[in-house]
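Comments concern the structure below.
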Amino acid sequence: MGLYTIVWEYFPKETQEGPSMAEEVFSQRTTTCGALTKADNGRHVVLNGWVHRDRNHGALHFINLRDRYGITQVVVDDDASAELQAVANELHLEYCIAVTGFVRLRPDSMVNPEMSTGEIEVKAESIEILSKCAPLPFQIDDGKETREDLRLKYRYLDLRSQGMQQRLRLRHEFILSCRNFLASRGFLEIETPTLIKSTPEGARDFLVPSRVYPGKFYALPQSPQLLKQILMVGGMDKYFQIARCYRDEDARGDRQLEFTQLDLEMSFVKRDDVLSLMEELFNHVFKDVMDYELPVHFRRLSYHDALNTYGCDKPDLRFDVPLSDVNDLAEQSTFSTFKEIVAKGGFVKALCAPRTEGVDFSRKYITELEEAAKIYGAQGLAWIKVGADRSLSGGVSKFFTGLEEALLKRVDAKEGDLILFVAHESWKKCCASLSAVRTKLGKDLHLIRKGFEFCWIIDFPLFEYNEDEGHWEAAHHMFSMPQAEYLDTLESDPGSVKGDLYDLVLNGYEVASGSIRIHDVELQKRIFRICNFEDQEAEERFGFLLNAFRYGPPPHGGIAPGVDRMVMIMSEQTSIHEVIAFPKNTAAVSPMDDSPSQVDQKQLDELHLIINYPKPKD
RNA sequence: GAGGGUGUAGCGAAGCUGGUUAUCGCGACGGCCUGUCACGCCGUAGAUCGCGGGUUCGAGUCCCGUCACUCUCGCCA
């Protein structure tokens with residue numbers, strides 16, 4: 001960047017056009033491959049870039065020269081010197097070259113309306129090969145899917161593709177727009193350390209051994225949670241940070257070991273202040289970056305309603321297909337499986353798959369849907385077809401005699417639709433399995449609308465019971481404020497306590513999570529105790545936070561949108577690898593540099609580490 | 001930790017109920033070509049069919065094991 005700035009300043013525009021100067025003194029780039037138009041006709045230019053296409057007609061030679069800014073057609077004419085012809089014949093794809101020449105208009109019939117530079121071409125006077133390129137391990141941007149591990153191994157080549165260039169640009173613009181907005185609202189960007197104290201907050205920590213203190217470790221932050229709260233105690237009032245976070249858990253398409261959050265925290269705010277700020281932020285950013293108008297306010301759903309209506313706490317609202325409670329109808333039916341589950345206090349829920357052109361609700365397809373439900377714990381998927389004149393047929397229809405109209409009305413079914421049921425003793429598993437069916441239907445029946453559908457999920461439970469460990473733990477994290485009406489019943493009925501918690505959901509992905517925080521020592525200790533941290537242990541692990549809270553902490557709260565996921569969704573991708581320059585694969589390996597790798601014994605010795613290798617499997 | 005999918009030339013794919021010389025496109029290499037823009041035309045090389053074992057007269061194809069990648073469950077406040 002600095003280099004080009006210097007060149008521009010050194011050579012004001014008028015002198016750039018003098019061929020002798022540019023040619024003799026500087027073969028430095030004078031313009032980029034996306035900049036030239038017919039207004040530049042006659043200009044003398046130096047372009048740098050890569051050979052994107054090479055069309056050799058013998059005496060006439062076309063080269064598409066590409067850089068980050070675009071593509072310009074370079075022509076080596078039949079009147080070119082023998083020397084220039086020789087260099088042109090030597091070119092191959094992805095050679096890095098410098099082209100000196102004149103901008104000229106293309107003949108009218110040769111204008112390419114597909115290219116922004118399609119009205120002009122550069123007649124080459126000389127071409128310098130800056131560096132050659134070995135035969136490519138895969139073709140860049142040829143429209144075909146290359147195996148991802150190969151793309152990641154040669155990421156530097158993959159990054160040259162138009163898609164990666166556009167997505168990393170979008171990511172830059174997204175972050176820049178967020179920064180600008182937050183700065184304009186008085187937020188300070190403050191960096192917090194990435195070597196911090198390990199605190200058991202949920203995910204497994206990445207640990208960094210201390211050389212100076214044998215047996216002691218730093219942890220990489222899972223989020224700057226406690227540090228940003230302490231910044232609030234420090235009177236910083238409004239803070240944000242583009243924060244790298246680390247979690248040593250198995251990766252997925254939308255989860256990396258390390259990821260980036262737009263972490264922010266505000267003092268003297270209530271929940272709705274945070275929600276409003278985020279709505280304004282994303283309205284600003286989507287308009288700024290994509291010219292996309294979001295609604296001023298996002299829909300809000302309680303956690304309970306989200307599960308009950310869509311079966312999950314991150315519903316994709318780009319299509320409808322709501323879930324209905326049918327316990328009462330199941331009870332009146334003659335289907336013993338349903339009746340038994342209802343009798344045990346379980347749940348029966350149903351949804352209606354709309355008749356869709358080109359999709360046959362065959363037994364085979366219903367089995368596919370059933371498989372999707374079973375992954376989330378359903379024992380089976382019951383079904384009924386709605387025929388002409390609204391008659392019910394197939395599946396469990398015979399058990400619903402006399403209940404036909406009530407059922408049709410409940411799930412809002414029409415002719416040709418398919419009604420699907422899941423029954424389970426657990427409400428969550430019932431919801432989750434039918435939600436999986438809903439999600440599959442959304443894709444298969446092409447129900448998903450274009451666009452961006454945000455919604456808030458609020459009123460989450462503060463605690464969840466951990467069956468394995470035998471105690472309550474924080475559903476979100478231990479620093480979230482219980483809603484005021486539950487303050488007296490925290491200990492007596494943790495399961496019913498709702499927190500001042502909020503998630504932001506976009507197109508079926510959780511894209512941000514936050515809460516109003518606790519800022520009272522005694523309340524914080526009560527939460528620790530409920531989560532099985534006795535005072536002494538809490539003091540050891542979180543003493544620095546509790547100490548800070550003894551010195552006039554302000555009420556505060558915040559949220560942390562995931563940058564990778566946001567940019568992934570904005571660029572219509574389904575993997576965050578597509579918006580990260582150098583991602584790791586699902587096996588936690590970076591195929592390009594082959595990390596993680598072994599280290600020298602000397603390094604281990606300095607860190608006082610002995611490796612206890614796992615025994616090989618028999 | 002568990003389940004599904006994939007693995008055939010440098011890349012992307014085809015290869016049927018097992019059958020003898022494993023096919024196509026792109027790329028590479030050589031040649032021709034004055035208006036292309038995914039240029040075109042002619043030719044050449046390039047594959048232990050992920051790896052190991054088994055069944056069989058015969059395995060890319062069937063079976064078992066294993067590895068890699070990938071999706072999902074668990075896990076991820």
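Just so it is clear, the model here is predicted, and its values are computed rather than measured. Here is how names work: the chains are called A, B, and so on, in the same order as the sequence lines, proteins then strands, and each is numbered from 1.
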Closest-nucleotide mapping onto RNA chain B: is A:Arg147 or A:Leu93 further toward the 5' terminus? I mean the 5' end.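 Checking each residue's closest nucleotide, the 5'-ward one belongs to A:Arg147.
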Can you work out whether A:Leu60 or A:Arg252 has the more 5'-proximal nearest nucleotide on RNA chain B?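 It is A:Leu60, whose closest nucleotide lies nearer the 5' terminus.
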Side-chain N or O of [X] versus OP1/OP2 of [N]: is the shortest distance under 4.0 Å?
X        : N      : result
A:His61  : B:rC33 : no
A:Thr586 : B:rU70 : yes
A:Arg55  : B:rU36 : no
A:Arg53  : B:rU36 : no

For atom [atom1] of [X] and atom [atom2] of [N], their distance in whole Å:
X        : N      : atom1 : atom2 : result
A:Gln573 : B:rC71 : CD    : P     : 13 Å
A:His52  : B:rA38 : NE2   : C1'   : 9 Å
A:Asn466 : B:rC76 : CG    : P     : 9 Å
A:Glu467 : B:rC75 : CD    : P     : 12 Å
A:Tyr376 : B:rA2  : OH    : C1'   : 14 Å
A:Tyr246 : B:rC76 : OH    : C1'   : 17 Å
A:Ile140 : B:rG10 : CD1   : P     : 18 Å
A:Glu249 : B:rG1  : CD    : C1'   : 13 Å

Stacking check A:Phe138 vs B:rC11 (5.5 Å / 30 deg): no
Is there ring stacking between A:His57 and B:rC39, where the centres must be under 5.5 angstrom apart and the planes under 30 degrees?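 A stacking contact exists, since A:His57 sits close and nearly parallel to the base ring of B:rC39.
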Have a look at [X] and say if it touches a base, only the backbone sugar-phosphate, or nothing, with a 4.0 Å heavy-atom cut-off.
X        : value
A:Pro135 : nothing
A:Ile71  : nothing
A:Gly253 : sugar-phosphate
A:Arg204 : nothing
A:Asn585 : sugar-phosphate
A:Arg565 : nothing
A:Glu94  : nothing
A:Glu464 : nothing

A:Arg541 charged N/C atom sitting above A:Phe528 aromatic ring, 6.0 Å / 45°: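 A:Arg541 over A:Phe528 ring: no.
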Return the nucleotide paired to [N]: Watson-Crick means purine N1 to pyrimidine N3 with N6-O4 or O6-N4, wobble means G-U with N1-O2 and O6-N3, both under 3.5 Å.
N      : value
B:rC75 : none
B:rC69 : B:rG5
B:rU20 : none
B:rA47 : none
B:rG40 : B:rC32

Expressed in whole Å, how much space separates the [atom1] atoms belonging to [N] and [M]?
N      : M      : atom1 : answer
B:rC11 : B:rA38 : C1'   : 16 Å
B:rU8  : B:rC51 : P     : 10 Å
B:rC64 : B:rA45 : C1'   : 38 Å
B:rG15 : B:rC24 : C1'   : 11 Å
B:rG5  : B:rA47 : C1'   : 24 Å
B:rC49 : B:rG7  : C1'   : 10 Å
B:rG52 : B:rG40 : C1'   : 47 Å
B:rG60 : B:rG25 : P     : 24 Å

Kindly indicate whether the side chain of [X] and the base of [N] share any N or O donor-acceptor pair separated by less than 3.5 Å?
X        : N      : answer
A:Asn64  : B:rC37 : no
A:Arg255 : B:rC75 : yes
A:Glu121 : B:rG35 : yes
A:Arg106 : B:rC37 : yes

Does A:Gln379 have more than 12 heavy atoms from other residues, nucleotides or ligands lying within 6.0 Å of its CD?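 Atom CD in A:Gln379 is not packed in, count stays at 12 or less.
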Salt bridge flag under 4.0 Å for residues [X] and [Y]:
X       : Y        : result
A:Asp79 : A:Lys123 : yes
A:Asp77 : A:Arg104 : yes
A:Glu94 : A:Arg160 : yes

Check step by step if ring pair (Phe, Tyr, Trp, His ring centres under 6.0 Å) holds for A:Phe542 and A:Phe479. CA-CA 11 Å; A:Phe542 305 108; A:Phe479 314 102; 5.6 Å; yes
Less than 6.0 angstrom separating the ring centers of A:Phe549 and A:His519, yes or no? no
Candidates A:Lys525, A:Arg526, A:Arg529 - the one meeting salt bridge (charged side-chain N to carboxylate O under 4.0 Å, His left out) with A:Glu491: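 The salt bridge (charged side-chain N to carboxylate O under 4.0 Å, His left out) with A:Glu491 is passed solely by A:Arg526 among A:Lys525, A:Arg526, A:Arg529.
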For the side chain of A:Thr146, counting heavy atoms from C-beta on, which of B:rG74, B:rC76, B:rG12 is nearest?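 So the side chain of A:Thr146 is nearest to B:rG12.
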Please determine, for the side chain of A:Asp149, which listed nucleotide (B:rC37, B:rC69, B:rG1) has the closest atom? B:rC69
Donor-acceptor pair, side chain of A:Arg106 and main chain of A:Gly118, under 3.5 angstrom: yes
